[in-house]
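Data first, discussion second: the structure below is written as structure tokens.
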Amino acid sequence: TDPAELAKAREIGRQRFAQLTDLTARLYPSLIGTGLLGQAVVILLLVRVTGRKLVTVPSPRRLPPFAQWRLPFYVVWALAVGIGLMITRKAPLADAGLNLSVLAAALLSVQGLSVQYHLSRRFLPPAGLVIYWTLMGLAFVPLVVTSVLLGLADQWRDLRRLDSGANDAGSQ
């Protein structure tokens, strides 16, 4: 290797590392927020399971089945505001928009997973479900992108027909 080429490659590596460090610093608030939301969900589930084990009286408020989970529509507006702030390209506003967009997309991906779960259970046999979710788990990025897009589509089009009450009891 030529020393000039080696120095050039090192400089490119330093520049890419600086870009990655900058992006990580800009995304840090949304990563912390997503982590806190995830921890809150885990803690709430542990409290619920522990409460059921310790108390014999069933809890009066039950979560709907996962296939029927839906977020409020204002999450779509949070995503739109985040994208709008990113378009400004001004440092504090763009960074806030990026973090807001990441959090809203993470929440919408949960609704998208719910739609995927509903549709896959409705149209695939049990062996097909295992293959489908295994492949989606191995290809994690398409799963997240598809989930965000399905979550958005379900907000506008009601893909599972939850508002009309037309979903059958067998697909729950």
Side-chain angles (χ1 to χ4, degrees), residues 20 23-24 26-84 86-87 97-172:
L20 180 65
L23 180 63
T24 304
R26 289 176 42 212
L27 281 175
Y28 191 68
S30 66
L31 297 175
I32 293 295
T34 305
L36 288 173
L37 285 173
Q39 289 176 1
V41 167
V42 168
I43 290 169
L44 286 172
L45 288 175
L46 286 174
V47 167
R48 181 178 283 264
V49 168
T50 305
R52 284 185 184 167
K53 297 291 182 190
L54 295 176
V55 180
T56 58
V57 178
S59 65
R61 185 165 166 96
R62 299 182 56 95
L63 289 173
F66 183 65
Q68 295 179 355
W69 281 17
R70 173 178 277 167
L71 295 169
F73 192 78
Y74 61 78
V75 177
V76 175
W77 287 111
L79 181 65
V81 168
I83 291 172
M86 284 182 355
I87 291 172
L98 178 65
N99 285 296
L100 186 60
S101 297
V102 167
L103 279 173
L107 290 172
L108 283 170
S109 71
V110 172
Q111 182 170 340
L113 279 174
S114 173
V115 173
Q116 285 185 21
Y117 179 73
H118 171 77
L119 293 175
S120 65
R121 279 189 20 184
R122 191 166 178 198
F123 295 114
L124 292 175
L129 286 173
V130 171
I131 293 170
Y132 175 75
W133 286 108
T134 302
L135 291 175
M136 290 302 271
L138 292 174
F140 187 69
V141 172
L143 174 69
V144 172
V145 172
T146 304
S147 296
V148 172
L149 294 175
L150 277 174
L152 278 170
D154 189 51
Q155 285 287 347
W156 280 302
R157 301 292 300 169
D158 192 20
L159 298 174
R160 297 168 287 173
R161 296 187 182 18
L162 296 178
D163 289 336
S164 65
N167 55 347
D168 51 336
S171 67
Q172 307 285 330

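Computed from heavy atoms alone, side chains included, the values below leave out hydrogens, waters and symmetry copies. Being a predicted model, the structure only gives us computed values, none of them experimental.
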Open item on the list: Within this structure, what is the CG-CD1 distance for the pair Leu36 and Ile43, rounded to the nearest 0.5 Å?
Closed with: 9.5 Å
- [ ] Would you mind reporting whether Asn99 and Leu103 have side-chain heavy atoms less than 4.5 Å apart?
- [x] no
Task: Residues forming a side chain to side chain donor-acceptor pair (under 3.5 Å) with Asp154, sequence neighbours excluded - done: Gln111, Arg160
Open item on the list: Ignoring hydrogens, what is the shortest heavy-atom contact between Ser101 and Ile83? Give both atom names and the distance.
Closed with: OG-N, 3.3 Å
Open item on the list: Tell me the closest heavy-atom pair linking Leu162 and Asp158, and the distance in Å.
Closed with: N-OD1, 3.0 Å
Open item on the list: Show every side chain to side chain donor-acceptor pair (under 3.5 Å) that has at least one partner inside residues 123-136, sequence neighbours left out.
Closed with: Gln116-Tyr132, Ser120-Trp133
Open item on the list: Between Ser109 and Ala106 (side chain of the first, backbone of the second, donor and acceptor by atom type, cut-off under 3.5 Å), is there such a pair?
Closed with: yes
TODO: Using the test side chain to side chain contact (heavy atoms under 4.5 Å, CB included), find all partners of Phe73 that sit at least two apart in sequence or belong to another chain.
DONE: Val76, Trp77, Gln155, Trp156
Can you give each donor-acceptor pair under 3.5 Å made by side-chain atoms of residues 135-152, sequence neighbours left out, with the distance rounded to 0.1 Å?
unit_1: Thr146; atom_1: OG1; unit_2: Pro142; atom_2: O; d: 2.6
unit_1: Ser147; atom_1: OG; unit_2: Leu143; atom_2: O; d: 2.6

Open item on the list: For Phe66, give me all partners under ring-ring contact (aromatic ring centres under 6.0 Å, His included), at least two apart in sequence or on another chain.
Closed with: Trp69, Tyr117
Task: Test side chain to side chain contact (heavy atoms under 4.5 Å, CB included) applied to Leu31 - qualifying residues, sequence neighbours left out - done: Leu27
Task: Point-to-point distance, once rounded to the nearest 0.5 Å, from CG of Leu98 to CG of Leu23 - done: 7.0 Å
